[in-house]
Amino acid sequence: LDPRDGKVKDFTLEAFAETAKLTDYLSDIDFIATPGVVRQSDELPIEIVNQWEFFNMTANTTKPVMVLIAGRPELADIYDMAELIAGGTDALREKPFVIPYLNSVSPLLFNLETLEKLFESADRGLPVCAQAAPQVGATGPATIAGTCVISAAETLLMLVLQQLRRPGTPFLTGTVPF
């Protein structure tokens, strides 16, 4: 929804840049998460959409960014870009400013792309934000308590896999049950 004219429009790279600039000026906001999804086009094929989204965020904010990424190749590109910005691999690992958002496919499933992104991050010693998103009574149990158990199991499994791959790698978690 464009705040200037109230019309519904496709999300654009320019909107990424504007959102990042706005976030940068808001003192009570500590980071920016992927604010929308840019549609692929002939000018912007799917293989490079995420990289351009990342560029438009980091070029317009000094705050950390949480990115929603399609797959491991795109994440590897973004980490390479982040290493250039940070001043090298070690500098990025010491002060990571980019973190991918990963989620399971409730109940208790993990698609290959999610696991590949988890392992790419672990191999580089970089944190992830892993969250479960079960729907109460649909992809999770009918009770809130049961849904919390599914959420905990899914995020703990991602933590265990990450730590088996590279012990000591930072890990953020939460849950967003519906």
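- A heavy-atom distance below 4.5 Å is found between the side chains of T58 and I85.
- Put simply, the side chain of K63 reaches to within 4.5 Å of the side chain of D24, judged on heavy atoms.
- To the nearest 0.5 Å, atoms CD (E113) and CG (L115) are separated by 9.0 Å.
- Partners of F171 by ring pair (Phe, Tyr, Trp, His ring centres under 6.0 Å), not counting sequence neighbours: none found.
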Show your working on side chain to side chain contact (heavy atoms under 4.5 Å, CB included) between L92 and L126 and close with a plain yes or no. CA-CA 8 Å; L92 181 61; L126 295 170; 3.8 Å; yes

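- Using a distance-only test at 3.5 Å, with no hydrogens or angles considered, a donor-acceptor pair links the side chain of T23 to the main chain of T19.
- Of the possible donor and acceptor atoms, one in the side chain of N60 sits under 3.5 Å from a partner among the backbone N and O of N56.
- When the shell of 6.0 Å around CZ of F55 is examined, it contains 12 or fewer heavy atoms from other residues, nucleotides or ligands.
- Note: the hydrophobic cluster containing I29 does not contain V65 (ILVMFWY, side chain heavy atoms under 4.5 Å, direct or indirect links).
- With respect to K7 and D2, no salt bridge is recorded, no charged nitrogen being found less than 4.0 Å from a carboxylate O.
- Closest approach of E18 and R4 over heavy atoms only: OE2-NH2, 2.8 Å.
- A single hydrophobic cluster is not seen to contain both F110 and Y101; linkage of ILVMFWY side chains at heavy-atom distances under 4.5 Å, directly or through other members, places them apart.
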Taking it one step at a time, do L75 and S121 satisfy side chain to side chain contact (heavy atoms under 4.5 Å, CB included)? CA-CA 8 Å; L75 182 58; S121 299; 3.6 Å; yes

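- The cluster map of Ile, Leu, Val, Met, Phe, Trp and Tyr, joined by side-chain heavy atoms under 4.5 Å apart, puts V98 and I48 in the same cluster.
- Partners of F31 by ring pair (Phe, Tyr, Trp, His ring centres under 6.0 Å), not counting sequence neighbours: none found.
- Judged by distance alone, the side chains of Q51 and D77 do bring a donor and an acceptor atom under 3.5 Å apart.
- Cluster membership check: F119 shares its hydrophobic cluster with L157, using side-chain heavy-atom separations under 4.5 Å among Ile, Leu, Val, Met, Phe, Trp and Tyr.
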Test side chain to side chain contact (heavy atoms under 4.5 Å, CB included) applied to W52 and V38, step by step: CA-CA 9 Å; W52 276 105; V38 174; over 6 Å; no

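- Here the closest heavy-atom approach between residue D5 and residue K9 is recorded as OD2-NZ, 2.9 Å.
- When the shell of 6.0 Å around CG of L156 is examined, it contains more than 12 heavy atoms from other residues, nucleotides or ligands.
- Using modelled atom types, no side-chain atom of K117 and backbone atom of P100 make a donor-acceptor pair closer than 3.5 Å.
- The distance from the CD1 atom of I99 to the CE atom of M66 is 5.5 Å, given to the nearest 0.5 Å.
- Summarising the geometry of P141 relative to I150, their closest heavy-atom pair is CD-CG1, 3.5 Å, with the distance given to 0.1 Å.
- Rounded to the nearest 0.5 angstrom, I69 CD1 and E53 CD are separated by 7.0 Å.
- Aromatic ring pairs are classed by plane angle as parallel below 30°, tilted from 30° to 60° and perpendicular above 60°; the pair F16 and F11 is perpendicular.
- In this structure, M57 and V67 have side chains that are in contact, with non-hydrogen atoms separated by less than 4.5 Å.
- Considering SG of C129 and CG of L102, their distance stands at 8.0 Å, rounded to 0.5 Å.
- To the nearest 0.5 angstrom, E83 atom CD is 8.0 Å from R93 atom CZ.
- Of the possible polar contacts, none joining the T34 side chain to the G36 backbone as a donor-acceptor pair under 3.5 Å is found.
- Sequence neighbours left out, the pairs with a member in residues 157-170 that pass side-chain hydrogen bond (donor to acceptor under 3.5 Å, both in side chains) are D123-R165.
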Let's go through T114 and N103 carefully: what are the C-alpha distance in whole Å and the side-chain angles of both, what is the deciding distance for side chain to side chain donor-acceptor pair (under 3.5 Å) to 0.1 Å, and is it a yes or a no? CA-CA 7 Å; T114 297; N103 62 303; 5.3 Å; no

Is there a side chain to side chain contact (heavy atoms under 4.5 Å, CB included) between L22 and I32? Walk through the geometry before answering. CA-CA 10 Å; L22 175 63; I32 181 174; over 6 Å; no

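- Side-chain atoms of T155 never come within 3.5 Å of backbone atoms of A130 as a donor-acceptor pair (strictly under, hydrogens ignored).
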Criterion side chain to side chain donor-acceptor pair (under 3.5 Å) on E154 and S106, from CA distance to verdict: CA-CA 8 Å; E154 290 174 357; S106 299; 2.8 Å; yes

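- Distance CD/Q131 to CG/L172: 9.0 Å, rounded to 0.5 Å.
- Look at K95 and D90 and you find no salt bridge, because none of the NZ, NE, NH1 or NH2 atoms lies under 4.0 Å from a carboxylate O.
- L68 and V49 fall into different hydrophobic clusters, where Ile, Leu, Val, Met, Phe, Trp and Tyr side chains are chained together by heavy-atom contacts under 4.5 Å.
- Counting only heavy atoms from C-beta outward, the side chains of C148 and T175 never approach each other to under 4.5 Å.
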